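Below is one structure, written out as structure tokens; comments come after it.
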Amino acid sequence: MPDSAVPGPAPAVPPTPPVPLAALLAREDLGLRQIAGPQDSATVIHWAHTSEMADPYPYLLGGELLLTAGVHVPEAAGSGTYFDDYVSRIVEAGGAALGFGVAPVHDTVPRALVVACDDYGLPLVEVPPRTTFSGVARAVWQLMAQARHTELRRVTEAQQSLAAAAARPDPVPSVLRQLAQRVGGRAALYAPDGGEVASAGRMPAAGAGAGARGEVSGALAGLVAVVRPATGNGSGAGTGDVSAGSGTGAGTGGGGPTPSSASDTAAGVHLAAYALGTGQGFVLGVAAPRRDPGDHTIASVGAVLLSLLTGEHQSSTGAARSSALVRLLLGAAPEEVAPLLGGGERWVVVHARPDGPAPDAVTASALGAALGSALVDVDGDVVRVLVPAGHRELTAQPGWTCGVSAPVGAHEWGSGDTQAGRALSRARATRARLVRHGEHQGLADLVPPTEAAAHARTVLAPITANPALTETLRTWLSLHGSWDRTAVALSVHRNTVRQRITRCATLLSTDLDDPDVRMELWFALRHA
């Protein structure tokens, strides 16, 4: 190859999934045939572009399959340097391949063009007369769409498998095994002191010897040091071990902000490191023989899950929560274990329901973090969060419908849970983002609690045996007798609501249209 053909820096390519040239050549409907240039399965194209310019360089971004019918070719081109100049400019611009259309201008591909493409290492594809350039471009976009769909499906399946692994009895090793399998390499969790806590998979290396694998291991450990937050023991040092390469790991030392992730290559192996968001210095390291478009997303999901797992099991707060759970199971009173949970004397219970699909553990944990608590429970399509009262103002969360209890003591957690559930039902019925359980002084507070409870038992006795009737009456009264809103809040049909309210009126022998009757029943239901 002439010196002038040596390519410069890699050109920028559009953010689309690349299409292997071999996949385009395999399309029988196009009838394309490669007649010059390297037969490399790694050759990919990022889009197709048609141009009849003698110098297409100014119009290329890099990565294109350039299509031409040779309109720009002069008659005496074969005897001069025209094709050498033409092909060298395409290579300089980063063009991936050249497609030459046969007919109507040229009966065959010029021999000098074939020689020039061989000399400069540019794949040359013959486009038969029956195939239009627009048909080639359409095929490229079809293959891109298929590649994008395949990659999205791969990422989705990986996310599901990683979430399932995090729910296993041995979550950290399970997540690492699943991640190593998905990237076809090795995944390791590094402790704050730089040592490996756990790992899975095999370390890939271009060479089969132990020396190559050792080089890759050392480079990965150096990359891990780049993203580890600096601590008092100096664990953030060691950035000089990272080899200069295409990743963000090169040149990140010297007192600048610590990156949350970095990538590099060593011995032909792709490396990546992700700082876990626990603030404790744990880092995920990944080594893979290749870097597919979705690998970063898959590894990031693994890092999020490991952040949750290491934060739960390695932190003192996680240990305290485990201790509180054990004490509760062994019969301790809630007020005895509440101090272990890091809150004060008062708590708020939040019930939240997402606008989209049913929540999973990761989504629920993210909601808990937004509300300021790690005490989260997923119960079907509802997430319950126990939040220390007064630590922060609870506000509506985007994408969630929330019900909030009044502040309660630890011995009233059950009551707060009921209040939050009812507040969530009211929020859904009224299409409000957040509804709080009412806490105010009123006439009802003038009656001693024991007398109010006795009165409530007497008034509601005819329907007490049927909880569905009691809850329907309570919801119906709270929503001012709205059939539709009550049906939404209880997730039943409006006719079911009508039947239950009619049954309540019959059993109670009263007129539910009378405001005095409604007021007395509401008083009783509040103290039941």
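The shown structure was predicted, so the numbers you read here are calculated from the model rather than taken from an experiment.
Closest non-hydrogen pair, T401 versus A427, comes out as CG2-CB, 3.7 Å. For the pair A219 and L271, the tightest heavy-atom approach, listed with the atom from each and the gap, is CB-CD1, 3.6 Å. Residues P289 and H270 approach most closely at O-CD2, 3.7 Å, considering heavy atoms. The two residues P359 and W400 come nearest to each other via the heavy atoms CB-CH2, 4.1 Å. Listed here is the closest heavy atom pair of R182 and E157: NH2-O, 3.8 Å. Heavy atoms only, all atoms of each residue included: P354 and D381 are closest at CD-O, 3.4 Å.
Counting only distance, with no hydrogens or angles, the side chain of R426 and the backbone of S478 share a donor-acceptor pair below 3.5 Å. For R346 (side chain) and P407 (main-chain N/O), a donor-acceptor pair under 3.5 Å exists by modelled atom type. Although no hydrogens or angles enter the test, the distance criterion places a donor-acceptor pair under 3.5 Å between the side chain of S373 and the main chain of L386. Side-chain N or O atoms of D292 include none that pairs as donor or acceptor with a backbone N or O of G294 at under 3.5 Å. In this structure a side-chain-to-backbone donor-acceptor pair under 3.5 Å is present from S161 to A158.
The aromatic rings of W476 and W483 are tilted relative to each other, their planes meeting at an angle between 30° and 60°.
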Let's go through V350 and L367 carefully: what are the C-alpha distance in whole Å and the side-chain angles of both, what is the deciding distance for side chain to side chain contact (heavy atoms under 4.5 Å, CB included) to 0.1 Å, and is it a yes or a no?
CA-CA 10 Å; V350 178; L367 174 65; 5.9 Å; no
Derivation of the side chain to side chain donor-acceptor pair (under 3.5 Å) call for R457 and T464
CA-CA 8 Å; R457 287 194 296 270; T464 301; over 6 Å; no
Please lay out, stage by stage, how W141 and W47 fare under the test ring pair (Phe, Tyr, Trp, His ring centres under 6.0 Å).
CA-CA 7 Å; W141 286 111; W47 54 11; 7.3 Å; no
Please lay out, stage by stage, how V175 and L189 fare under the test side chain to side chain contact (heavy atoms under 4.5 Å, CB included).
CA-CA 10 Å; V175 169; L189 179 64; over 6 Å; no
I'd like to know whether L508 forms a side chain to side chain contact (heavy atoms under 4.5 Å, CB included) with L473, so could you lay out the CA-CA distance, the side-chain angles of the two residues, the decisive distance to 0.1 Å, and finally the verdict.
CA-CA 11 Å; L508 296 172; L473 179 60; 4.2 Å; yes
Show, in sequence, the C-alpha distance, side-chain angles and deciding distance for L176 and L306, and conclude whether the side chain to side chain contact (heavy atoms under 4.5 Å, CB included) test is met.
CA-CA 9 Å; L176 291 174; L306 290 171; 4.0 Å; yes
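With V19 as the partner, the side-chain contact (heavy atoms from CB on, under 4.5 Å) test is satisfied by one option alone out of M144, Q142, H46: M144.
You'll find the side chain of R436 reaches within 4.5 Å of the side chain of L394, heavy atoms only. The closest side-chain heavy-atom distance from V387 to V404 is not below 4.5 Å. In this structure the side chain of W347 reaches within 4.5 angstrom of the side chain of P388, judged on heavy atoms. Put simply, the side chain of I298 does not reach to within 4.5 Å of the side chain of Q159, judged on heavy atoms. Side-chain contact check for V459 versus L525: every heavy-atom pair is 4.5 Å or farther apart. Taking 4.5 Å as the limit, every side-chain heavy atom of H49 sits out of range of all side-chain heavy atoms of L61. In this structure, the side chains of W522 and R474 come closer than 4.5 Å at one or more pairs of heavy atoms. Between R485 and V497, every side-chain heavy-atom pair lies at or beyond the 4.5 Å cut-off.
To the nearest 0.5 angstrom, R291 atom CZ is 4.5 Å from S263 atom OG. The SG atom of C504 sits 12.0 Å away from atom CD of Q499, with the distance rounded to the nearest 0.5 Å. For the atom pair CG (D377) and CZ (R384), the distance works out to 4.5 Å, reported to the nearest 0.5 Å. Going from atom OG of S174 over to atom CG of L179 covers 12.5 Å, rounded to the nearest 0.5 Å. Here the straight-line distance linking atom CG of L490 with atom OG1 of T496 works out to 10.0 Å at 0.5 Å rounding. Once rounded to the nearest 0.5 Å, the distance linking NE2 of H351 with CD of Q419 reads 10.5 Å.
With a 6.0 Å radius and a threshold of 12 heavy atoms from other residues, nucleotides or ligands, R202 has its CZ atom at or below the threshold. The neighbour count for R518 CZ, taken as heavy atoms of other residues, nucleotides or ligands under 6.0 Å away, is above 12. More than 12 non-hydrogen atoms from other residues, nucleotides or ligands lie less than 6.0 angstrom from CZ of R494.
By the 4.0 Å N-to-carboxylate-O rule, E151 lies close enough to R154 to be salt-bridged with it.
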